[in-house]
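Written below as structure tokens is the structure these notes are about.
Heavy-atom basis, side chains included; hydrogens, waters and symmetry copies ignored. Residues: numbered from 1 along the sequence shown.
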Amino acid sequence: QVQLVESGGGLVQAGGSLRLSCAASGRTFSSGNMAWFRQAPGKEREFVAYINWSGGRTNYAYADSVQGRFTMSRDNAKNTAYLQMNGLKPEDTAVYYCAAREVWRKEYNYWGQGTQVTVSS
């Protein structure tokens, strides 16, 4: 069983930066996919970014709304994924969730508890 624990959320002014971390335990993925989703009050959960590694290749994807501002990375030794968020906007305010899956799955089957990010204007 895989456990995901997010950290790094908080309150920041518009234009500021935060780095979220997602530490995975219980299993090491030699290949896999880790992603960030977010859910703002009254809205559906939405995709933010993913990192996919398999066969020596690493791929990234970002939502249009965060492209160029957010960067996802992964430290294999620490089994941890990161989301560096720069140029934060009030509309980035949400609970951010980390998710993971085996590379062959279509759906994410491991989820963290979430971390709150609040951006003040």
Side-chain angles (χ1 to χ4, degrees):
Q1 187 69 15
V2 174
Q3 292 81 42
L4 303 176
V5 179
E6 304 99 332
S7 62
L11 174 64
V12 65
Q13 289 188 334
S17 298
L18 283 174
R19 189 178 80 154
L20 304 183
S21 299
C22 174
S25 62
R27 177 181 168 184
T28 299
F29 289 89
S30 58
S31 62
N33 184 299
M34 293 182 75
W36 290 95
F37 290 78
R38 67 186 182 186
Q39 187 167 20
K43 295 187 177 181
E44 293 187 353
R45 185 169 60 193
E46 65 175 2
F47 165 77
V48 175
Y50 77 59
I51 180 171
N52 188 90
W53 65 100
S54 178
R57 292 186 175 184
T58 302
N59 298 302
Y60 304 85
Y62 297 93
D64 289 344
S65 59
V66 306
Q67 182 77 45
R69 299 188 297 123
F70 292 10
T71 303
M72 193 165 179
S73 61
R74 173 175 159 82
D75 185 327
N76 292 335
K78 296 182 178 179
N79 214 18
T80 299
Y82 303 96
L83 184 69
Q84 178 66 43
M85 305 186 295
N86 298 329
L88 283 162
K89 305 174 181 180
E91 52 263 43
D92 293 318
T93 294
V95 177
Y96 283 70
Y97 296 92
C98 177
R101 60 174 172 85
E102 292 81 1
V103 70
W104 52 268
R105 290 186 186 272
K106 293 184 178 181
E107 301 292 331
Y108 289 93
N109 55 327
Y110 304 112
W111 291 86
Q113 296 284 73
T115 185
Q116 177 71 47
V117 171
T118 302
V119 184
S120 63
S121 58

How many angstroms lie between atom SG of Cys22 and atom CZ of Arg74, to the nearest 0.5 angstrom?
-> 9.5 Å
With side chains defined as the heavy atoms from C-beta onward, is the minimum distance between Tyr108 and Asn33 less than 4.5 Å?
-> yes
So Val12 and Met85, side-chain contact (heavy atoms from CB on, under 4.5 Å) or not? Walk me through it.
-> CA-CA 11 Å; Val12 65; Met85 305 186 295; over 6 Å; no
How far apart are the C-alpha atoms of Tyr110 and Met34, what are their side-chain angles, what is the distance that settles it, and do they pass the side-chain contact (heavy atoms from CB on, under 4.5 Å) test?
-> CA-CA 9 Å; Tyr110 304 112; Met34 293 182 75; over 6 Å; no
Which one of Leu20, Asp75, Ile51 satisfies the side chain to side chain contact (heavy atoms under 4.5 Å, CB included) criterion with Tyr82?
-> Asp75
Pairwise distance CE(Met72) to CG(Leu83) - rounded to 0.5 angstrom | 7.0 Å
Atom CG of Asp92 and atom CG of Leu18: how far apart are they, to the nearest 0.5 Å?
-> 10.0 Å
Expected output: side-chain Thr93 to main-chain Val119 donor-acceptor under 3.5 Å = yes
Crowded around Gln39 CD? As in, over 12 foreign heavy atoms under 6.0 Å?
-> yes
Polar contact flag, side-chain donor to acceptor under 3.5 angstrom, Asn59-Tyr50 = no
Would you call the rings of Tyr60 and Tyr62 parallel, tilted or perpendicular, where under 30° means parallel and over 60° means perpendicular?
-> parallel
Here the gap from Lys89 atom NZ to Ser121 atom OG, rounded to the nearest 0.5 Å, amounts to 14.0 Å
Pair Arg45-Val95, side-chain contact (heavy atoms from CB on, under 4.5 Å): steps then yes or no | CA-CA 9 Å; Arg45 185 169 60 193; Val95 177; over 6 Å; no
Report the C-alpha distance between Glu46 and Arg38 in whole Å, list the side-chain angles of each, state the deciding distance to 0.1 Å, and finish with yes or no for side-chain contact (heavy atoms from CB on, under 4.5 Å).
-> CA-CA 5 Å; Glu46 65 175 2; Arg38 67 186 182 186; 2.6 Å; yes
Going by the angle between their ring planes, with limits at 30° and 60°, are Phe37 and Trp111 parallel, tilted or perpendicular?
-> tilted
Check whether any side-chain N or O of Glu6 sits under 3.5 Å from a backbone N or O of Gln113 as a donor-acceptor pair, and report yes or no.
-> yes
Identify whether Val66 and Tyr97 are in the same connected component of the hydrophobic contact network (ILVMFWY, side-chain heavy atoms under 4.5 Å).
-> no
Could you label the plane-to-plane angle of the Phe70 and Tyr96 rings as parallel, tilted or perpendicular, counting under 30° as parallel and over 60° as perpendicular?
-> tilted
Where do Ser17 and Gly87 come nearest, in terms of heavy atoms and distance?
-> OG-N, 4.4 Å
Of the non-hydrogen atoms in Thr80 and Ser21, which two are nearest, and what is the gap between them?
-> CG2-CB, 4.3 Å
Would you name the heavy atoms of Ala100 and Leu4 that are closest together and state the gap between them?
-> N-CD1, 3.7 Å
